[in-house]
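Structure first, then comments.
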Amino acid sequence: EFNPDVVIGTGGFITWVVCKAAQKLHIPYLVHESNVLPGKATQWVSKKADRILVGFEESKDRLPKAKKVVFTGNPTKVVKLDLTDKEKEWLNKTIDLLDGEFNTTDELQTALYDVVKDGILVDKELKQVQKRYFQILYNMLLGNDKGPKLGLFLMAIDKEKIKLLL
């Protein structure tokens, strides 16, 4: 028979089921929440979990009933990006953009798309350049080629942390 020393949940409904079973069997359990906004399952189990590990500092305040919340960050793969001078310029523009005031995530999203516009690109070229720009941002921020809508993501995270990553 398998007798675990600890149970680790990583979010989603199955985490609630597994952590409730661990609780019933008196097995310590913890949950790693990798999202900025903790999901329902994490909120439910956080009240009695031995530890909640969060990927973002901002997540701590969103789990007020948790006994012990620890900021661990998110595991990411290391990606070495060889950037052209033009791509480095895009990142500098993005850093400057983060100092701006945006009323909605859509405004920020539109501004991000505009970073790579230079007036000489035709639509097909512009789409390719924008795709590359977003791939660079996702790789630098998340370690992936794709991710959540960046306007929403960037508005939810501390701007200074984003600037350090870029």
Side-chain angles (χ1 to χ4, degrees), residues 8-13 15 30-46 49 51-121 123-166:
I8 301 172
T10 57
F13 179 72
T15 291
L30 58 92
V31 175
H32 184 273
E33 178 57 67
S34 60
N35 298 306
V36 174
L37 300 171
K40 292 287 183 198
T42 301
Q43 292 174 26
W44 293 334
V45 299
S46 70
R51 297 275 189 284
I52 300 292
L53 311 175
V54 294
F56 297 91
E57 282 280 352
E58 296 83 356
S59 301
K60 285 179 165 184
D61 296 334
R62 297 172 183 190
L63 294 163
K65 296 181 181 177
K67 289 193 286 186
K68 178 90 174 164
V69 181
V70 179
F71 169 66
T72 60
N74 282 320
T76 61
K77 61 184 175 188
V78 176
V79 177
K80 183 178 184 305
L81 295 173
D82 291 318
L83 301 176
T84 66
D85 289 340
K86 189 68 164 172
E87 291 167 340
K88 291 175 186 174
E89 183 183 318
W90 298 342
L91 293 177
N92 287 329
K93 286 182 181 179
T94 304
I95 290 168
D96 292 341
L97 187 71
L98 292 173
D99 289 328
E101 291 292 323
F102 297 93
N103 294 319
T104 67
T105 59
D106 288 336
E107 284 180 14
L108 178 53
Q109 189 75 20
T110 299
L112 289 167
Y113 276 107
D114 290 345
V115 164
V116 297
K117 285 184 177 178
D118 62 13
I120 60 168
L121 299 172
D123 284 345
K124 186 176 180 182
E125 288 177 301
L126 181 58
K127 288 185 189 315
Q128 289 174 337
V129 169
Q130 287 170 330
K131 181 178 180 180
R132 172 67 180 151
Y133 168 61
F134 278 84
Q135 283 177 333
I136 292 167
L137 291 177
Y138 285 126
N139 270 287
M140 295 188 83
L141 299 172
L142 302 171
N144 292 311
D145 286 340
K146 297 178 180 177
K149 187 174 178 183
L150 274 174
L152 175 63
F153 180 76
L154 294 176
M155 285 187 88
I157 306 299
D158 179 51
K159 302 296 182 270
E160 296 307 313
K161 289 181 185 177
I162 300 287
K163 290 177 187 180
L164 288 174
L165 289 171
L166 298 177

#### Entry: K40, NZ atom: more than 12 neighbouring heavy atoms under 6.0 Å
no

### Message
Could you check whether atom NZ of K159 has more than 12 heavy atoms from other residues, nucleotides or ligands sitting under 6.0 Å from it?
### Response
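Yes.
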
Of all the heavy-atom pairs spanning [X] and [Y], show the shortest one and how long it is.
| X | Y | value |
| --- | --- | --- |
| Y138 | P148 | OH-O, 2.7 Å |
| G55 | F71 | O-CE1, 3.3 Å |
| G11 | V31 | N-CG1, 4.3 Å |
| H32 | N74 | CE1-OD1, 3.1 Å |
| M155 | L108 | CG-CD2, 3.6 Å |
| V116 | V129 | CB-CG1, 3.6 Å |

### Message
Using the side chain to side chain contact (heavy atoms under 4.5 Å, CB included) criterion, which residues pair with A49? Sequence neighbours excluded.
### Response
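Listed in chain order: Y29, I52.
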
### Qualifying residues under side chain to side chain contact (heavy atoms under 4.5 Å, CB included), relative to N35, sequence neighbours excluded
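Side chain to side chain contact (heavy atoms under 4.5 Å, CB included) list for N35, sorted by chain: E33.
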
#### Entry: Side-chain (Q109) to main-chain (T105) donor-acceptor, under 3.5 angstrom
no

### Query
Are the side chain of Q128 and the backbone of E125 linked by a donor-acceptor contact shorter than 3.5 Å?
no

### Query
Going through the distances and angles, do L98 and I162 end up as a side chain to side chain contact (heavy atoms under 4.5 Å, CB included)?
CA-CA 9 Å; L98 292 173; I162 300 287; 3.4 Å; yes

### Query
Under the salt bridge (Lys or Arg N to Asp or Glu O under 4.0 Å) test, which residues partner K149, sequence neighbours left out?
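With neighbours one apart ignored, the set is D106.
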
Could you grab the distance from atom [atom1] of [X] to atom [atom2] of [Y], nearest 0.5 Å is fine?
| X | Y | atom1 | atom2 | result |
| --- | --- | --- | --- | --- |
| N139 | L165 | CG | CG | 12.5 Å |
| Q135 | D145 | CD | CG | 5.0 Å |
| L137 | E87 | CG | CD | 10.5 Å |

### Partner set under side-chain hydrogen bond (donor to acceptor under 3.5 Å, both in side chains) for D114, not counting sequence neighbours
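By the side-chain hydrogen bond (donor to acceptor under 3.5 Å, both in side chains) rule, D114 matches K117.
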
### Message
Between F134 and Y113 (judged by ring centroids, cut-off 6.0 Å), do the two rings come close enough to count as a pair?
### Response
yes

### Message
Show, in sequence, the C-alpha distance, side-chain angles and deciding distance for T15 and T42, and conclude whether the side chain to side chain contact (heavy atoms under 4.5 Å, CB included) test is met.
### Response
CA-CA 8 Å; T15 291; T42 301; 5.5 Å; no

### Within residues 89-101 or reaching into it, pairs that qualify as side chain to side chain donor-acceptor pair (under 3.5 Å) - sequence neighbours excluded
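Applying side chain to side chain donor-acceptor pair (under 3.5 Å) to every pair that reaches into residues 89-101, excluding sequence neighbours, yields T94-Y133, D99-K163.
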
### Task
Give every residue pair that meets the side chain to side chain donor-acceptor pair (under 3.5 Å) criterion with at least one member in residues 54-70, sequence neighbours excluded.
none

### Task
Check the pair F153 / L141 against side chain to side chain contact (heavy atoms under 4.5 Å, CB included), numbers first and verdict last.
CA-CA 10 Å; F153 180 76; L141 299 172; 4.3 Å; yes

### Query
Checking side chain to side chain contact (heavy atoms under 4.5 Å, CB included) for the pair L154/L97: CA distance, chi angles, key distance, verdict?
CA-CA 11 Å; L154 294 176; L97 187 71; over 6 Å; no

